[in-house]
Amino acid sequence: MQKNELLQGTLDMLILKVLQREPMHGFGIAEKIMRLSEESLKVGEGSLYPALYRLAERGWIDSEWGQSENNRRAKYYRLTATGKRQLAQEAASWDDMCSAIARVMKLA
Amino acid sequence: MNIAALIRKLRRRRSLDQEMEQELRDHLELRIQKNLETGMAPDDARLAALRSFGAMESVREECREIQRAMWIEQAARDIQFAVRMFWRSPGFALVAILTLALAIGATTAVFTVADGVLLKPLPWPASHRVMSLWEGRENDPKSQTPMAPAQFIDLASSVKTFKALAGWNAIGINFVPKNGAPQRLPGAAVTSDFFKVVETYPILGTGFTDENFRVGKDSVVVIGHSTWRDQFAGASNIIGQTVHINGHAPTIVGVMPPGFRTPAKSQFWTPRLFSEQEKEDRNYKALPVLGRLADGVTQAQATSELATVYAGLRAQYPEWLGGWNVRMHPALEDAAKLARPALLVLMAAVLTALTMACVNIANLLLARGSRRMGELSVRAALGASRARILRQLLCESLVLALIGGILGVVLAKLLLAMLLAAAPANLPRIDDVRMNWRTLVFAISICVGAGLFFGLAPAWRLSQRNPARELRDSGQRSTAHVGLLRRGLAAFQVAASVVVMLATILLIRSFDRLLRQDLGFNPDNLMTARIELPAAKYGEGNRREIFAEQTLRELRASAGVETAAAMTYLPVQGGARFIMRLESEPDVKVSEAPAVTYQGASDEFIRTMGMQLIAGRDLSTKDNADSMRVCLVNEAFVRRYFPAGPASAIGKRLEVGFSEPPRWTEIVGVVRDTRNLALEAEPDEEVFAPLAQQDDFLRGNPALTFVIRTRAGVNGADVLQRAVWRIDKEQPLHLLRPMKDVITDARAQRRFTWIVMAVFGAAAGALAALGLFGVMSADVAARTREFGVRLALGARPDEVIRLALRSGIWTLGVGLGSGMLASVFGARFIRSMLYHTEAFDSVAWATVCGGLIIVGLVASYCPARRAGRIDPIVALRQE
């Protein structure tokens with residue numbers, strides 16, 4: 001599959017998941033998603049930053065200015081407690097839906 | 001997003017924008033670097049980066065848009081959505097909006113009256129600094145009488161905590177315009193600092209000077225703005241002209257600003273001079289006093305200074321002032337004292353009705369919400385947070401409330417007009433009642449409050465559901481909670497109606513008792529007219545008696561008149577009270593002497609009024625200024641001073657008003673009690689003296705009331721007017737009206753209260769019934785499956801009905817119980833408004849409980865019946 005169009009909600013879920021391990025800045029998040037998906041999911045900045053700001057509005061992630069690897073200032077995002085809960089919920093729903101779809105594909 | 005983050009965000013708006021730009025630039029730099037690492041040429045790297053970035057500005061804009069408080073746009077969207085939803089279910093929206101409009105309209109209308117009468121400041125600058133002063137007996141904190149001029153003069157010259165003190169007396173003005181019929185207008189005689197106290201001064205002319213308060217120099221008058229406009233065509237040369245009032249021709253020295261009618265709706269102000277006798281008689285308590293606090297002085301300081309000065313006076317004149325003290329209240333409080341309890345009860349009733357309306361709507365919303373679970377679950381699945389859904393639902397409630405509120409304010413204007421038309425004319429400050437910014441603020445607040453009140457509970461409940469589960473099954477588990485909430489709300493409504501209806505019925509019974517009380521006289525075909533004779537013409541000697549005699553002769557000779565008489569006051573209007581002593585106790589101190597109502601009357605007054613003589617004889621024409629001093633007393637007087645009975649009072653002597661040597665008056669007859677003072681209090685002790693023998697202290701303001709009893713169908717008003725004008729054509733008749741009207745007016749305030757309460761009582765009952773009905777219907781609908789199973793398993797329909805009925809009966813019972821409990825606590829508030837009726841009147845309580853039980857059972861039964869008619873197959877298939 002080439003460029004998959006990610007549903008807005010799914011992108012949110014991916015961002016939350018990526019931030020579960022450690023706080024990261026925007027560029028790092030996009031890079032990580034691309035790397036983990038083996039270049040399948042290229043997140044454009046036009047979708048990334050609005051998603052990040054939306055998640056921040058909802059209180060699921062928090063932001064802070066810090067030092068990046070090459071000693072520049074960068075804005076880091078991290079997961080909040082509510083965000084952790086939200087991630088767990090969404091991951092569970094995603095699993096449910098996937099197995100449901102898989103069943104239909106297999107049995108129909 | 002929590003509050004702290006929101007505040008932080010709003011504060012750092014600009015720097016956040018800069019931060020965003022910085023962040024995006026950083027990202028761009030990192031992308032370029034990455035591209036360079038993969039081997040692109042620098043220019044290509046930059047171009048490629050920029051391309052993948054898209055238009056940076058639009059990204060920035062999108063982020064900014066999100067950063068802006070999202071909720072403003074969401075709110076707009078919510079409102080749009082809410083309106084669309086209501087458009088689609090117009091039935092629900094209409095019911096809710098109309099209920100709200102009625103409730104908010106009624107509440108606002110009653111509040112406007114309460115505001116105008118109780119809350120609005122008096123129309124003077126800084127009116128909260130104006131106090132009214134009284135004297136009162138120390139052992140009775142509630143007693144208060146106007147001040148004696150002697151005390152006023154002393155206080156005015158000594159106190160420093162007041163900027164100014166002023167006394168006033170309302171006087172009737174017989175005004176004879178240059179061409180036109182004589183009119184009667186209200187006026188006031190005021191002391192020199194009066195205008196300083198109210199801080200309102202004439203807009204034309206100089207007003208009174210100190211010279212005007214000397215004997216002989218007081219022939220001046222200040223007139224009111226509307227009189228200037230209407231009677232003098234607003235002539236600019238008004239100052240210096242003379243007017244013909246009360247037999248005098250004073251010069252006009254001032255015109256007051258428009259709208260100034262203090263005190264007592266006056267249109268004329270004249271100087272109040274004190275006679276030598278008034279300056280010495282410390283017992284002549286007839287001067288209402290107003291005072292303006294000096295700047296920076298507190299009420300407490302003023303009260304204590306007054307008390308100190310008065311104590312000094314008391315030490316100086318112990319025989320007059322022993323046992324008396326001075327009292328002070330803010331003038332605003334006194335203005336509305338009588339109306340306050342009635343208005344507060346009305347406010348409570350109308351707020352209760354509003355609450356009940358809100359509860360009904362909350363129930364409606366709950367029911368409707370359950371049907372929207374599908375839509376709400378999809379929203380949640382698409383990413384709406386719980387707060388978001390809550391906000392949306394609340395928005396719908398607020399939209400409902402605001403629409404209802406706008407309609408309500410319009411309705412309030414209409415209701416206000418109706419209220420004012422029905423209100424008693426003597427309700428204080430009723431002329432000042434109109435809608436203003438305060439009422440608008442009130443309306444908006446109850447609107448928003450109502451919206452939150454009825455919206456919050458359902459919204460909370462509905463946003464709590466787990467969306468995924470909802471999409472899958474029908475969420476049976478939470479029905480129980482919703483059901484309990486609904487039933488609780490309905491029980492609350494029943495309780496509220498118990499309280500309101502009980503209050504209503506108590507007031508109705510109280511009024512009924514009032515109507516049936518024995519007046520002590522016969523008001524049929526009795527025409528009355530009050531005549532205020534100007535002191536200039538009639539103050540001296542026996543001029544008043546001659547006038548009365550001549551007029552009575554005319555009246556008795558007129559066709560259609562059966563009897564005629566003259567008195568100083570009508571029985572139901574109360575009269576002046578004076579101290580009295582019996583010959584058997586001549587040494588009682590002035591300050592401790594009891595008071596009686598002292599009346600003057602002509603011969604035949606008993607027969608004319610239809611009163612009853614129970615001992616001795618009536619007054620006759622033989623009782624004149626030269627014959628022995630005689631008087632009549634009433635039963636109340638006999639009960640208090642001659643417990644042995646009326647016969648024992650005949651021949652005893654008394655004196656009203658103390659003189660040295662005492663002028664003893666012999667009691668020659670006893671009459672039955674009549675009702676005094678607005679028909680409510682116990683009858684006062686009364687003494688009736690012949691007009692010719694009344695003492696001088698009543699001559700300062702000679703006034704008479706003529707009463708004639710005519711044959712049925714005769715126009716008594718005409719007869720009276722013609723007779724009076726034949727004797728003195730410059731004499732206007734004041735208050736020319738049948739006795740029946742006088743009585744009706746005296747009852748007006750009570751009547752008004754119970755009528756308005758009855759409307760609310762009925763509304764409350766209806767709302768409670770609706771509430772119960774709604775609860776039962778929803779219950780049956782929710783338990784359809786259960787009933788279906790039971791019926792399928794062989795239960796009889798009436799058994800199922802009984803089962804359904806149980807929840808209704810439970811709700812009704814809880815409601816009745818808590819309502820009665822609340823009434824027990826609330827009884828004390830209404831006690832002061834009841835006349836001869838116990839707050840725990842068994843008939844009232846039985847009526848209310850019985851009525852509500854019947855209504856409640858009927859309201860529950862109809863939906864319960866539906867339960868029995870459920871088709872089990874349909875019910876089971878519903879899943």
Side-chain angles (χ1 to χ4, degrees), chain A residues 3 7-13 16 24-31 34-35 42-77 80-83 85-86 89-90 92-97 100, chain B residues 1-6 8-9 12 15-34 37 49-71 73-74 380-388 466-469 471-472:
Chain A
K3 270 209 270 202
L7 257 185
Q8 196 182 56
T10 323
L11 174 59
D12 288 355
M13 188 175 69
L16 288 177
M24 240 181 260
H25 54 61
F27 184 75
I29 296 175
E31 286 294 289
M34 202 172 72
R35 217 178 37 242
K42 280 200 174 65
V43 187
E45 291 78 357
S47 359
L48 175 69
Y49 282 100
L52 283 173
Y53 279 86
R54 197 172 42 245
L55 289 172
E57 272 286 316
R58 295 245 180 88
W60 291 336
I61 62 179
D62 227 348
S63 65
E64 216 175 32
W65 283 92
Q67 289 281 59
S68 75
E69 315 86 36
N70 46 2
N71 270 333
R72 299 173 63 93
R73 260 185 25 118
K75 198 174 189 188
Y76 278 83
Y77 293 90
T80 63
T82 341
R85 266 202 299 267
Q86 181 67 17
Q89 246 180 312
E90 293 203 19
S93 308
W94 178 261
D95 283 338
D96 283 345
M97 197 154 75
Chain B
M1 161 108 10
N2 60 15
I3 307 275
L6 188 66
R8 244 187 295 140
K9 198 167 60 131
R12 293 168 35 209
S15 59
L16 277 177
D17 209 55
Q18 284 174 344
E19 279 188 10
M20 194 193 328
E21 184 163 342
Q22 182 68 39
E23 190 182 0
L24 292 174
R25 266 189 220 293
D26 287 344
H27 189 117
L28 191 61
E29 286 300 321
L30 287 167
R31 166 78 53 212
I32 294 176
Q33 202 154 3
K34 186 80 183 296
E37 280 169 20
L50 276 174
R51 220 181 340 187
S52 80
F53 215 101
M56 179 139 99
E57 191 49 44
S58 74
V59 178
R60 280 241 307 263
E61 191 51 43
E62 192 167 344
C63 291
R64 236 185 255 137
E65 199 164 290
I66 292 178
Q67 265 219 326
R68 239 171 269 157
M70 278 206 293
W71 59 272
E73 294 143 39
Q74 280 175 346
L382 282 179
S385 68
R386 175 172 180 201
R388 179 82 192 77
N466 184 332
R469 182 174 301 142
L471 277 174
R472 251 181 291 151

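Just so it is clear: chains get the letters A, B, ... in the order the sequence lines come, proteins before strands, and each one is counted from 1. The shown structure was predicted, so the numbers you read here are calculated from the model rather than taken from an experiment.
Taking the side chain as every heavy atom from C-beta outward, A:H25 and B:D26 never approach each other to under 4.5 Å.
Here the closest non-hydrogen pair linking A:W65 and B:E23 is CH2-N, 4.1 Å.
Atom CD of B:E37 has more than 12 heavy atoms from other residues, nucleotides or ligands within 6.0 Å.
With sequence neighbours left out, the side-chain contact (heavy atoms from CB on, under 4.5 Å) criterion links A:S47 to A:L11. The side-chain hydrogen bond (donor to acceptor under 3.5 Å, both in side chains) search around A:E90 returns A:Q86, not counting sequence neighbours.
Atom CZ of A:F27 sits about 8.5 Å away from atom CD of B:Q33, to the nearest 0.5 Å.
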